[in-house]
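Take a look at the structure set out below.
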Number of protein chains: 2
Amino acid sequence: MNRGKALHGTVGPSFARGAHDHTVCLEEAVQRAEALCEQRGVRLTKQRRDVLEIVWSGHRPLGAYDILAVLVQEQGRKPQPPTVYRALEFLQDQGLVHRVESLNAFVGCPLPGERHSCQLLLCRACGDSAEMVDPEAVESLKRSAGTAGFEVEKVTVELKGLCPRCASDRAGAGA
Amino acid sequence: MNRGKALHGTVGPSFARGAHDHTVCLEEAVQRAEALCEQRGVRLTKQRRDVLEIVWSGHRPLGAYDILAVLVQEQGRKPQPPTVYRALEFLQDQGLVHRVESLNAFVGCPLPGERHSCQLLLCRACGDSAEMVDPEAVESLKRSAGTAGFEVEKVTVELKGLCPRCASDRAGAGA
DNA sequence: TTGCTTTTGTTATATCGTTGCATCTATAAC
DNA sequence: GTTATAGATGCAACGATATAACAAAAGCAA
Ligand SMILES: [Zn+2]
Ligand SMILES: [Zn+2]
Ligand SMILES: [Zn+2]
Ligand SMILES: [Zn+2]
């Protein structure tokens with residue numbers, strides 16, 4: 001259990017680190033990406049797919065230079081920053097990855113294809129993340145902003161704290 | 001009207017650019033800061049006050065190097081980046097300024113002294129910002145995260161879009 | 001093939017933020 | 001006043017993040 005639609009208000013493999021088959025998780029993400037790009041008539045080139053796979057190597061947001069380092073390691077070539085940033089831009093445009101503003105990092109989106117504003121949960125201890133969808137909160141924010149006359153175009157929500165595992169680890173450690 | 005507590009769900013001079021006496025606005029902010037620091041036994045030194053005043057020179061988030069440039073202009077001395085970052089760290093610790101994650105910038109807080117999670121409205125056209133408090137949304141977010149077993153420590157909410165003035169400007173221009 | 005568009009390579013540079021250590025300054029004890 | 005201490009600042013170098021500008025290559029269609 002706990003794959004796909006999960007706990008109330010959340011989606012995706014929320015903090016499933018170790019509790020799911022991530023090989024399958026990654027494969028499915030790449031397949032979803034391929035299908036979407038095919039369907040949209042855009043090209044998921046090798047560079048872009050490589051970057052997507054690196055981002056999806058875990059559920060932990062990665063910096064552009066982290067991704068670059070992996071590319072260098074994996075390939076004989078010696079890619080440069082623009083390569084990574086261009087791939088990330090494409091993937092963001094297609095809704096396949098999200099930028100984590102408070103970390104200057106990037107993480108795979110478990111819900112590509114659906115236009116959604118995502119709310120990110122970021123563990124400060126282990127670095128893992130999960131995506132949550134709370135339409136009620138987003139509606140409330142848009143309503144409040146609208147009352148002030150503000151036209152909302154993009155909603156960024158990032159919650160920092162402790163994931164279930166790290167929270168219980170700390171509780172067990174005597175806190 | 002429209003100074004202090006304002007529209008439902010919002011506080012502070014929300015998008016009051018041109019619609020309020022900003023000289024008074026700034027003076028009051030500095031006075032609040034002085035009172036708070038006095039009360040807490042921390043030192044609002046000249047550097048820190050200078051940086052606070054520069055941040056409060058408008059309601060538009062400023063980058064650390066923008067602040068630095070103003071310092072250089074204003075003073076005979078030639079301050080370095082750490083000076084600005086240290087002052088900003090102090091001001092953040094005291095709740096006097098907020099960091100805007102999605103802009104790598106800083107903006108004055110109209111509600112210092114009260115521990116609050118703020119929601120920022122950021123105009124992509126003119127750069128102005130306003131702080132909004134939507135406790136209902138924050139509660140909803142915490143509830144959803146809690147259901148997933150996540151212990152929330154900090155809530156970051158940033159809404160990008162058009163402020164009332166820029167929205168109506170665009171509407172008038174024929175969009 | 002040719003011509004056109006998109007993608008990638010490459011170099012350099014811009015922007016944002018930190019480390020480490022020396023020096024100064026406020027404060028208070030002596 | 002002198003001295004000891006902690007806090008704050010000055011300063012130089014560096015590290016991390018992101019983009020600009022232009023050349024080369026690759027996909028694609030006529
Ligand atoms: Zn997974
Ligand atoms: Zn964790
Ligand atoms: Zn003002
Ligand atoms: Zn505006």
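Each chain gets a letter, A, B and so on, in the order its sequence line appears, and its residues count up from 1.
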Between A/Leu71 (CG) and C/dT10 (P), how many Å, whole number? 14 Å
Hey, is the side chain of B/Arg86 pairing donor to acceptor with the base of D/dG10 inside 3.5 Å? yes
Where each residue is assigned the nucleotide of DNA chain C containing its nearest heavy atom, which of B/Arg43 and B/Tyr85 is assigned the position nearer the 5′ end? B/Tyr85
B/His98 side chain vs B/Gln119 backbone, donor-acceptor pair below 3.5 Å: no
What integer distance in Å separates B/Glu89:CD from D/dT9:C1'? 14 Å
Separation of B/Leu68 atom CG from D/dA12 atom P, in whole Å? 14 Å
Looking at the side chain of A/Thr45, which of D/dG27, D/dT9, C/dT8 is the nearest nucleotide? C/dT8
Would you say the base of C/dG17 and the side-chain of B/Tyr65 have a donor-acceptor pair closer than 3.5 Å? yes
Examine distances only and state if a side-chain atom of B/Glu27 and a backbone atom of B/Cys25 form a donor-acceptor pair shorter than 3.5 Å. no
Any A/Arg99 side-chain N or O less than 4.0 Å from OP1/OP2 of D/dA18: yes
N or O in side chain of A/Asn104 less than 4.0 angstrom from D/dA16 OP1/OP2: no
Can you tell me if A/Glu158 and A/Ser102 form a side-chain donor-acceptor pair at under 3.5 Å? yes
Taken to the nearest whole Å, CD/A/Gln80 to P/D/dA16 is 16 Å
